[in-house]
Amino acid sequence: MHDFNSLLTPVLTILEELQARRAGTSRQLRKLDGAIYCAFRAKILARELLDFTSPRQARPEPVDIHQMISLLEAALESVLPSSISLEVDIANSLPLAFVDQPFVERALLNLVLNARDAMPEGGEITIAAASELPPVSQAGPRKLMIRLSVANRGISPEAPSMVGHPHFSTQTNRTSLVLAIVKQLMESLEGGLTLTNTARQGTTVDLWLPAISACSAD
């Protein structure tokens, strides 16, 4: 992992030099900003890969989900082809989440990439966040949480019964650990994951995040 981070250093240096020139169209500059952010996140991911052999405990803290998604939006758009549009819908007056931000960012990126690969012919991905009560099926007492969702069209209708299966994928041509990993991340934050799929309507993956108001009331 140390070697991987060392290889990223010159990549970041070159990208930052190009960014400083501010040459190119607004779309190109936006993609460059996204590439730089992705490179920084790759450094974090390299560290997180060590968790598979030596898992670290979640370190929750107050996180502004609106601000987090605003910072991630350019990076997420940069990994999508022009045939897939990204829509963001964040509720007003959203409470702070009590989560480990790198965990949530990693989960969100994994879901967006999985949704992208499930729509080779294009489509739409929507990221939304609102304050809601979790479904009754969620473990523990029901309290107001933040529902952070990733919705897209084109996922196989058998998806709901396979959530959490170690070889499940929303992609139809290969297996993946994406949802199993995301589910594990959410549970480590005392949150949860639910999935809704409707034929010809697409799939929505909901991440249920503890809200700071709920945590402080305990």
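Predicted model only: the values in this text are computed from it and were never measured.
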Are [X] and [Y] side-chain neighbours, meaning at least one heavy-atom pair lies under 4.5 Å?
{"X": "Ile127", "Y": "Asp89", "result": "no"}
{"X": "Met145", "Y": "Leu133", "result": "no"}
{"X": "Ile146", "Y": "Pro95", "result": "yes"}

Quick check against the 3.5 Å criterion: does [X] have a side-chain atom that pairs as donor or acceptor with the backbone of [Y]?
{"X": "Asp100", "Y": "Arg59", "answer": "yes"}
{"X": "Glu73", "Y": "Ser70", "answer": "no"}
{"X": "Arg116", "Y": "Val79", "answer": "yes"}

Where do [X] and [Y] come nearest, in terms of heavy atoms and distance?
{"X": "Leu94", "Y": "Ser131", "result": "CD1-N, 3.6 Å"}
{"X": "Phe98", "Y": "Pro62", "result": "CD1-N, 4.0 Å"}
{"X": "Ile90", "Y": "Ala128", "result": "CD1-C, 4.4 Å"}
{"X": "Met119", "Y": "Ile84", "result": "O-CD1, 3.8 Å"}
{"X": "Pro135", "Y": "Thr194", "result": "CG-CG2, 3.8 Å"}

Test log, rule side chain to side chain contact (heavy atoms under 4.5 Å, CB included), inputs Ser149 and Val205
CA-CA 5 Å; Ser149 64; Val205 180; over 6 Å; no
Do other residues, nucleotides or ligands put more than 12 heavy atoms under 6.0 Å from the CD atom of Glu190?
no
Would Glu187 and Lys183 pass as an ion pair if we require N to O under 4.0 Å?
yes
